Amino acid sequence: MLDKILRSSEFKDNLSKILLYIAKDSKNRASSFKNSLKKELDELTFMPLKYRQSIYFNQENIRDFIFKGYCIPYVIDEVNERVILLDIIKWEKR
């Protein structure tokens with residue numbers, strides 16, 4: 001089990017853009033998206049190897065978490081007992 005989840009500045013910036021885009025249509029859906037995502041991400045501390053090895057990086061400790069059409073590559077840092085969220089992208093954009 002890992003202790004914490006860190007969010008890179010790139011992840012935070014892109015998540016903010018996604019939430020603003022969703023909120024243009026519905027603030028409730030943006031809030032629901034954010035809450036659901038947080039709940040799913042919190043589970044990474046218990047099962048960090050649950051998701052596939054990243055197709056964007058050739059390293060065993062980098063995984064791709066897929067959520068509602070978005071891909072969130074993350075690093076499993078076992079030495080420091082944490083997960084680092086690298087980015088959040090729409091899967092077809094990479």
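Since the structure is predicted, the reported quantities are computational estimates derived from the model, not experimental observations.
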key: Reported CD1-to-CZ distance for the pair I84 and F11, which is rounded to 0.5 angstrom   = 13.0 Å

request  = Show your working on side chain to side chain contact (heavy atoms under 4.5 Å, CB included) between F65 and L85 and close with a plain yes or no.
outcome  = CA-CA 9 Å; F65 169 64; L85 306 176; over 6 Å; no

key: Nearest-0.5 Å distance that lies between atom CG in L15 and atom CG in L41   = 9.0 Å

message = If you count every heavy atom of other residues, nucleotides or ligands that lies below 6.0 Å from K24 atom NZ, does the total exceed 12?
response = no

ask   = At their closest point, which heavy atom of D64 faces which heavy atom of Y51, and how far apart are they?
value = O-CB, 3.2 Å

request  = Verify the neighbour count for atom CG of D42: are there more than 12 heavy atoms of other residues, nucleotides or ligands below 6.0 Å?
outcome  = yes

ask   = Rounded to the nearest 0.5 Å, what separation is found between the CG atom of N14 and the NZ atom of K90?
value = 13.0 Å

task = Please assess Y56 against D87 for the test side chain to side chain contact (heavy atoms under 4.5 Å, CB included), listing each intermediate value before the final yes or no.
result = CA-CA 11 Å; Y56 306 110; D87 201 354; over 6 Å; no

inquiry  = Within the supplied structure, the quantity of interest is the number of heavy atoms (other residues, nucleotides, ligands) at a distance under 6.0 Å from E78 CD; does it exceed 12?
reply    = no

ask   = In Å, rounded to the nearest 0.5 Å, how long is the span from CD of Q53 to CZ of R63?
value = 6.0 Å

K17/D13 salt bridge by N-O under 4.0 Å criterion = no

key: Step-by-step side chain to side chain contact (heavy atoms under 4.5 Å, CB included) determination, L37 to K68   = CA-CA 9 Å; L37 177 60; K68 296 187 179 186; over 6 Å; no

query = In Å, rounded to the nearest 0.5 Å, how long is the span from NZ of K39 to CZ of F67?
reply = 10.5 Å

message = Would T45 and D3 count as a side chain to side chain contact (heavy atoms under 4.5 Å, CB included) here? Give the steps.
response = CA-CA 6 Å; T45 59; D3 284 344; over 6 Å; no

